[in-house]
**Q** 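Before we start, here is the structure in question, set down as structure tokens.
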Amino acid sequence: MLWSLLKILVFVAIVGLLALGAAFLLETSGGVQVTVAGMEYTLGPLQSVIAFLVLVLAVWLFFKLFTLLIATLHFLNGDETALSRYFDRGRERRGYQALADSFMALASGEGRTAMSKAHKAEKLLNKPELTTLLVAQAAEMTGDTKKASEAYKKLLSSNDTRFVGTRGIMKQRLAEGDDETARKLAEKALTMRPRHEETQDILLKLQTRAQDWAGARSTLTAKLKSGNLPRDVYKRRDAVLALSEAKEVLNEANTVEAQERAIEANRLSPDLVPAAVMSARAHMAKGKPRYATRILRKAWEAQPHPDIAHAFAEIEPNETPHARIKRFGVLARMHPQSPETRLMMAELNIVAEDFPEARRALGDLVESGGDARVYTLMAAIERGEGSSDAVVQGWLAKALNAPRGPQWVCDNCHHIHADWRPVCEHCNSFDTLSWRTPETPEIASATGVAMLPLIVGSVGRPDPVSTADQSEELSRFKDETVVDLDQTQADESDVVAPGETSSMAPSDSVDDGERSDTTRPSS
């Protein structure tokens with residue numbers, strides 16, 4: 001209504017100005033004299049203006065007729081579209097102008113204007129491969145998902161625009177949370193454009209989220225071949241996927257195939273800790289301890305990790321504590337100052353009942369702000385040296401309030417995981433877990449079973465016991481030494497620190513009357 005009123009007012013103003021101009025010219029003296037073929041014509045001011053406008057119109061009309069004549073000559077010479085191009089030239093010019101206006105409106109965030117201009121361009125140009133896509137994007141900007149979906153479906157009818165339509169629908173399904181349909185659409189889109197990087201990334205993310213490890217490895221290979229992924233990154237991620245395949249096969253009880261895939265994962269990325277551990281155990285199952293030793297030594301050299309130490313202990317499960325200390329010296333010499341090496345040697349010496357050496361192995365870890373493992377081992381050392389229960393419980397109280405130390409942390413969202421996995425359980429990022437101390441470490445609980453790698457033993461009378469006996473001894477130790485902590489921190493009793501259950505030494509049994517005298521890590 002207001003727009004119509006404004007147009008009327010502008011029209012009236014223009015007519016009024018023209019009338020004033022004409023009146024001014026009529027009252028003005030003088031004019032223009034034109035001599036043609038010996039005859040002289042005198043034109044007044046108003047007549048001169050009208051004559052000038054007529055001359056301009058005549059020139060414009062002349063050029064129009066001239067271009068029409070040229071188009072007619074081309075048509076007569078066999079160009080069947082010459083005349084249609086002549087008449088459509090103005091229409092196309094207006095259409096492309098509307099198309100440009102639509103692009104500008106879309107870039108400016110004006111969804112409704114973009115859609116209006118796109119519809120205008122569609123009528124003038126008859127080029128759906130351009131205008132339909134604009135309509136779809138403008139509809140998405142305005143929140144009209146139904147109209148956008150209809151536009152994308154129109155694009156599926158042409159070979160030239162089928163990829164764009166498939167990709168648009170795929171993104172809509174992703175926004176709706178329909179990952180399964182989005183994954184199928186991404187697979188179709190990738191068959192049309194195998195080198196399209198964005199589609200490769202989306203498909204890889206959806207495949208890892210759906211635990212389609214074989215499909216993810218195929219997509220990863222496509223990224224490498226298209227040059228969208230460095231080879232070193234490819235090898236690392238392919239190893240992660242191979243390890244994930246091995247774990248899945250292991251869950252299905254197909255151990256032979258799982259062993260082969262674990263070995264393949266370690267071959268692709270020797271520094272990947274879970275792959276090294278799983279590959280070493282696969283070689284142990286095949287009766288090849290030398291291969292397992294070589295793999296674990298190489299992994300430890302890349303990064304000391306408690307899981308590597310536990311697997312290294314499994315190579316010789318029946319050796320004596322002193323023989324185990326000697327064999328583990330190979331690992332200790334690689335990174336002698338590493339906290340993980342010092343913790344490992346301290347635990348081994350506790351098992352061997354060499355408590356002064358265990359204290360020396362820990363060194364300054366206690367003073368430099370140790371974690372729960374350090375304080376728990378100090379409690380074991382104090383118990384082994386005959387300290388009072390108050391001293392032991394003091395160290396356990398420190399362990400209760402200390403951070404857990406290094407854990408599997410997502411580099412993307414910093415979420416802490418209990419164990420390694422290929423995809424972050426919080427942000428669904430692929431291959432983002434690293435073994436490090438969290439920026440805001442969690443507080444460990446001294447009452448967790450895995451936080452106390454200790455059993456009660458009697459110095460000087462080591463006898464082998466079963467795993468069930470070890471669990472019973474650990475339970476008795478907890479009941480005797482941290483009962484007060486259990487009462488005050490009952491809500492933390494389920495907190496378990498990853499990687500703390502030790503398998504580095506065989507356990508010893510004790511008499512019931514001596515269970516609270518000495519302690520050492522469980523096997």
Side-chain angles (χ1 to χ4, degrees), residues 259 262-263 266 270-363 365 373-374 376-377 380-381 384 406 435 450 453-455 457 459-467 470 499-509 518-523:
Q259 291 171 1
I263 293 171
N266 177 253
D271 61 338
L272 182 60
V273 172
V277 171
M278 198 169 184
S279 176
R281 286 173 176 155
H283 282 298
M284 283 186 268
K286 293 182 176 182
K288 299 178 180 179
R290 292 181 59 186
Y291 288 99
T293 302
R294 186 184 309 165
I295 288 171
L296 294 174
R297 288 176 60 180
K298 191 171 184 180
W300 184 271
E301 186 177 7
Q303 179 187 14
H305 193 280
D307 289 350
I308 300 175
H310 297 161
F312 197 73
E314 293 173 10
I315 297 176
E316 297 290 343
N318 298 318
E319 64 187 341
T320 64
H322 293 286
R324 178 154 294 182
I325 291 175
K326 183 178 180 180
R327 186 168 64 89
F328 268 76
V330 177
L331 301 183
R333 286 190 292 271
M334 293 182 184
H335 298 280
Q337 298 304 318
S338 169
E340 192 57 49
T341 300
R342 294 159 75 179
L343 286 168
M344 174 186 72
M345 297 309 297
E347 187 172 351
L348 290 173
N349 281 285
I350 290 173
V351 174
E353 299 177 355
D354 189 351
F355 301 108
E357 183 61 32
R359 189 186 293 272
R360 283 191 291 271
L362 288 179
L365 289 181
R373 289 178 64 192
V374 174
T376 304
L377 290 176
I381 292 171
W435 182 257
L454 309 171
I455 60 172
V459 179
R461 294 198 299 174
D463 295 313
V465 295
S466 65
T467 302
Q470 296 174 23
E500 295 296 336
T501 302
S502 172
S503 61
M504 295 194 297
S507 60
D508 299 329
S509 64
T518 58
T519 59
R520 56 180 175 268
S522 64
S523 60

**Q** Check side-chain contact (heavy atoms from CB on, under 4.5 Å) between Ala282 and all other residues, then give those that pass, not counting sequence neighbours.
**A**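 With sequence neighbours excluded, Ala282 shows a side-chain contact (heavy atoms from CB on, under 4.5 Å) to Gln259, Ile263, given in chain and number order.
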**Q** Can you tell me how far the CZ atom of Arg342 sits from the CD atom of Glu347, to the nearest 0.5 Å?
**A**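 The CD atom of Glu347 is 15.5 Å from CZ of Arg342, to the nearest 0.5 Å.
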**Q** So, using salt bridge (Lys or Arg N to Asp or Glu O under 4.0 Å) as the criterion, who are the partners of Arg359 when residues are at least two apart?
**A**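 Applying salt bridge (Lys or Arg N to Asp or Glu O under 4.0 Å) to Arg359 gives Glu382, Glu385.
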**Q** Of the non-hydrogen atoms in Ala276 and Pro270, which two are nearest, and what is the gap between them?
**A**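 Where Ala276 meets Pro270 most closely, the heavy atoms are CB-O, 4.2 Å.
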**Q** Output all residues satisfying salt bridge (Lys or Arg N to Asp or Glu O under 4.0 Å) with Arg327, sequence neighbours left out; order by chain, then residue number.
**A**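 Applying salt bridge (Lys or Arg N to Asp or Glu O under 4.0 Å) to Arg327 gives Glu319.
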**Q** Determine yes or no for a side-chain-to-main-chain donor-acceptor pair under 3.5 angstrom, with Thr341 supplying the side chain and His335 the backbone.
**A**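 Such a contact is found between Thr341 side chain and His335 backbone.
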**Q** Run the ring-ring contact (aromatic ring centres under 6.0 Å, His included) test against His305 and tell me which residues pass, sequence neighbours left out.
**A**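 Result, ring-ring contact (aromatic ring centres under 6.0 Å, His included) vs His305: Trp408, Trp435.
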**Q** Would you check, one step at a time, whether the test side chain to side chain contact (heavy atoms under 4.5 Å, CB included) holds for Arg333 with Val330?
**A** CA-CA 6 Å; Arg333 286 190 292 271; Val330 177; 3.8 Å; yes
**Q** Mind checking the CE-CD spacing from Met284 to Glu314? Nearest 0.5 Å is all I need.
**A**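 Met284 atom CE to Glu314 atom CD measures 5.0 Å (nearest 0.5 Å).
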**Q** Using the test side-chain hydrogen bond (donor to acceptor under 3.5 Å, both in side chains), find all partners of Glu340 that sit at least two apart in sequence or belong to another chain.
**A**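 By the side-chain hydrogen bond (donor to acceptor under 3.5 Å, both in side chains) rule, Glu340 matches Arg373.
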**Q** Ignoring hydrogens, what is the shortest heavy-atom contact between Ala313 and Arg324? Give both atom names and the distance.
**A**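 Nearest heavy atoms, Ala313 then Arg324: O-NH2, 3.2 Å.
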**Q** Please name the pair of heavy atoms, one in Ala361 and one in Ala346, separated by the smallest distance, quoted to 0.1 Å.
**A**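 Looks like CB-N, 3.8 Å.
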**Q** Under the rule for salt bridge (Lys or Arg N to Asp or Glu O under 4.0 Å), what residues qualify as partners of Glu357, not counting sequence neighbours?
**A**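 Salt bridge (Lys or Arg N to Asp or Glu O under 4.0 Å) list for Glu357, sorted by chain: Arg360.
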**Q** With a 4.5 Å cut-off on side-chain heavy atoms, are Met334 and Arg297 touching?
**A**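 Side-chain contact under 4.5 Å: yes.
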**Q** Taking all non-hydrogen atoms of both residues, which atom of Ala262 and which atom of Ser279 are closest, and how far apart?
**A**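 Between these two residues, the closest heavy atoms are O-CB, 3.6 Å.
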**Q** Determine whether Leu343 and Val374 make a side-chain contact, defined as any pair of heavy atoms from C-beta on separated by less than 4.5 Å.
**A**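 Touching, per the 4.5 Å side-chain cut-off.
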**Q** Under the side chain to side chain contact (heavy atoms under 4.5 Å, CB included) rule, what do Phe312 and Thr293 come out as? Steps first, then yes or no, please.
**A** CA-CA 7 Å; Phe312 197 73; Thr293 302; 3.8 Å; yes
**Q** Could you give the distance from CE (Met344) to CG (Asn349), rounded to the nearest 0.5 Å?
**A**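 Result: 10.0 Å between the selected atoms.
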**Q** Tell me, please, which residues at least two apart from Lys286 pass salt bridge (Lys or Arg N to Asp or Glu O under 4.0 Å).
**A**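 Testing Lys286 for salt bridge (Lys or Arg N to Asp or Glu O under 4.0 Å), a comparison that skips the adjacent residues, returns Glu260.
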**Q** Taking the side chain as every heavy atom from C-beta outward, state whether Asp354 and Pro356 have any pair of such atoms under 4.5 Å apart.
**A**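 Heavy-atom side-chain distance check passes, below 4.5 Å.
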**Q** State, to 0.1 Å, how close Ala280 and Ala292 come at their nearest heavy-atom pair, and which atoms those are.
**A**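 What the structure gives for the nearest pair is O-CB, 3.4 Å.
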**Q** Any chance you could measure Asn266, atom CG, to Ile295, atom CD1, to the nearest 0.5 Å?
**A**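 Atom-to-atom, Asn266:CG and Ile295:CD1 are 4.5 Å apart.
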**Q** Heavy atoms, side chains only, cut-off 4.5 Å: are Leu296 and Ile315 in contact?
**A**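 Of all side-chain heavy-atom pairs linking Ile315 with Leu296, at least one is under 4.5 Å.
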**Q** Determine, step by step, whether Leu377 and Ile350 satisfy the side chain to side chain contact (heavy atoms under 4.5 Å, CB included) criterion, reporting the C-alpha distance in whole Å, the side-chain angles of both residues, the deciding distance to 0.1 Å, and the verdict.
**A** CA-CA 8 Å; Leu377 290 176; Ile350 290 173; 3.8 Å; yes
**Q** In Å and rounded to the nearest 0.5 Å, what is the CG to CZ distance from Leu348 to Phe328?
**A**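 Leu348 CG to Phe328 CZ: 5.5 Å, rounded to 0.5 Å.
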